[in-house]
Protein chains: 2
Amino acid sequence: MPNGNTLHEVLTAVFQVRNVNEDPEVDNPELCVLLWQRALQPERGAWSLPGGLLREDEDMTTSARRQLAEKVDVRGVAHLEQLSVFSEPNRVPGVRLIASTFLGLVPLDADPDLPTDTAWHPVSALPRTAFDHGVVLTHARTRLAAKLSYTNIAFALAPHEFTMSTLREIYCAALGYQVDATNLQRVLGRRGVLVATGATAPPGPSGGRPPALYRFAESRLRVTDEFAALRPPG
Amino acid sequence: MPNGNTLHEVLTAVFQVRNVNEDPEVDNPELCVLLWQRALQPERGAWSLPGGLLREDEDMTTSARRQLAEKVDVRGVAHLEQLSVFSEPNRVPGVRLIASTFLGLVPLDADPDLPTDTAWHPVSALPRTAFDHGVVLTHARTRLAAKLSYTNIAFALAPHEFTMSTLREIYCAALGYQVDATNLQRVLGRRGVLVATGATAPPGPSGGRPPALYRFAESRLRVTDEFAALRPPG
DNA sequence: ACAAAAGTGTTCGTGCTACACCCATGG
DNA sequence: CCATGGGTGTAGCACGAACACTTTTGT
């Protein structure tokens, strides 16, 4: 059985930390993912990851960017990386469709317009998802959490400049547990991923010391904690 | 431009730590990779990673196993995992060929028969490789080195039972630098990946204390050192 | 003065490295 | 009894977690 009708699609799990409260004054940031609702069978009504078929003249990263452009302003996507491939012959009924999946990250301060069939969903309250997209999503979240620990990947979730409180909220939302701002600052500071701008932001309405503003030293992915054990001698 | 002639291949970088000395008495273990030499154009004479086209009725892991069976005894492959996809439209001239790549590991004590066009090559002295296979190989080595640090992946490179000296040689060969047997034992022991069998091996020809024999507690990949930093509180 | 929020200092535990020292065997 | 290789004990370091304390603002 040679391969005649095998199609290749690209699917991207795009994450953003967003305020999930009706009242925009109340601060309740959560990790959200971009999904669109299927209008046609199969899986009508279920929510899908953005993506589509790979074209002959593009590689997968290019394709992911092109597909995303239909849903969000792609300039907002600050990081895009490959995850696994899903190739079970029957993952989508009726056709042989291989999915290469990606992880995409959008900074906190971006708020791109969306088509009417597309919306952000908090990962804590996902709707019914189509095909194996739920598995893809779990995979993407796991990868994001892992990389937050040993890389500077948070640059793609944070605004260009930010306070440590804001960065803490981003980490808490993405990891799903409480992170201490003190230690966060020290860990990232020691690794050289965070630099102070020198400026400060105005304090909140109820007073308090004005927070210092920070920036990520680089806006490309870099591994900052390579060897946990079995380091090279020296 | 829809996708008409897009083909999908699976390529596997199979590694084994092997004694690379003419004299089998002298111990000089090195990390080796399985390659076959192309008899036809294009890239005639260059060495390729084992693999081939994906069939419609199989997923990629199945395909990788099937393709490898043509080159080695697949029972020898103790671990197989997905790496990245290479999808540049012109990575192979003339055809649109997407490559999904895998990492395969063969234990030290296996010595499978090989076809005449196929051979093990030490990674320190690679021949001319075909297409982008050199890049794939570098990628695979990096992934292997990383996983040796935070998982029990060495189970797939080690014999079923082994001495700490042997295990040390495996780590040295795979990582490319000297690893201390003392610390190796403690790190892996603490994590519970290594268990003592109770038995000992006979000492070498020049005497010495008989070494204890060990075994890996599991023969499936397990992450043993999840969070280097930003652990959940508790 | 007091509350609130940010930032610093200090202590503690843990995991890894390095190296010295003890153990068991063959010659 | 000595050389050889295996195993253990221990000191030191680096990193991160937790928490008390100081600093800077608004009211």
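Small disclaimer: the values here were computed from a predicted structure and weren't measured.
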Between CG of Asp180(A) and C1' of dT10(C) the distance, given in whole Å, is 14 Å

Rounded to whole Å, the CG-P distance (Leu167(B) to dG7(D)) equals 12 Å

From CG of Leu213(B) across to P of dG6(D) the rounded distance in Å is 12 Å

Answer yes or no: does atom CZ of Arg168(A) have more than 12 heavy-atom neighbours from other residues, nucleotides or ligands under 6.0 Å? yes

Ranking dC16(C), dG5(D), dA18(C) by distance to the side chain of Arg231(A), first place goes to dC16(C)

query = Does the side chain of Gln67(B) pick up a donor-acceptor pair with the side chain of Thr12(B) at under 3.5 Å?
reply = no

From OH of Tyr150(B) across to C1' of dG15(C) the rounded distance in Å is 19 Å

Next on the checklist: Base, sugar-phosphate or nothing for Thr163(A)? Non-hydrogen atoms, less than 4.0 Å.
Outcome noted: nothing

note: Tyr177(A), atom OH; dG16(D), atom P; distance rounded to Å ~ 13 Å

The nucleotide from dA6(C), dT8(D), dG16(D) with an atom nearest the side chain of Thr182(B) is dT8(D)

When Pro210(A) and Asn183(A) are each assigned the nearest nucleotide of DNA chain D, the 5'-most assignment goes to Asn183(A)

Taken to the nearest whole Å, CZ/Phe227(B) to P/dT14(C) is 19 Å

Look at atom CZ of Arg18(A) and say whether more than 12 heavy atoms of other residues, nucleotides or ligands are closer to it than 6.0 Å.
yes

Open item on the list: At less than 4.0 Å, is any side-chain N or O atom of Ser206(B) found next to OP1 or OP2 of dG27(C)? Yes or no.
Closed with: no

When rounded to whole Å, the CE to P distance for the pair Met164(B) and dT4(D) reads 23 Å

**Prompt:** With a 4.0 Å cut-off on heavy atoms, is Pro205(A) in touch with a base, just the backbone sugar-phosphate, or nothing at all?
**Reply:** sugar-phosphate

Note to self: Over all strands shown, is Arg186(B) touching base, sugar-phosphate only, or nothing at heavy-atom distances under 4.0 angstrom?
What the structure shows: base

The nucleotide from dG5(D), dT8(D), dT25(C) with an atom nearest the side chain of Pro203(B) is dT25(C)

TODO: Verify the contact: side-chain N or O of Arg191(B) to OP1 or OP2 of dC16(C), cut-off strictly under 4.0 Å; return yes or no.
DONE: yes

Looking only at dG7(D), dG7(C), dC15(D), the nucleotide nearest the Arg190(A) side chain is dC15(D)

request  = Indicate, with a heavy-atom threshold strictly under 4.0 Å, whether Ala212(A) touches base, sugar-phosphate, or nothing.
outcome  = sugar-phosphate

Among dG6(D), dC16(C), dT8(C), the one nearest any side-chain atom of Pro211(B) is dG6(D)

One should read off an interatomic distance between Arg141(A) CZ and Leu103(A) CG, to the nearest 0.5 angstrom, of 12.5 Å

Heavy atoms of Leu108(A) and Val17(A) approach each other most closely as CD1-O, 2.9 Å

Rounded to whole Å, the CZ-C1' distance (Arg209(B) to dT8(D)) equals 8 Å

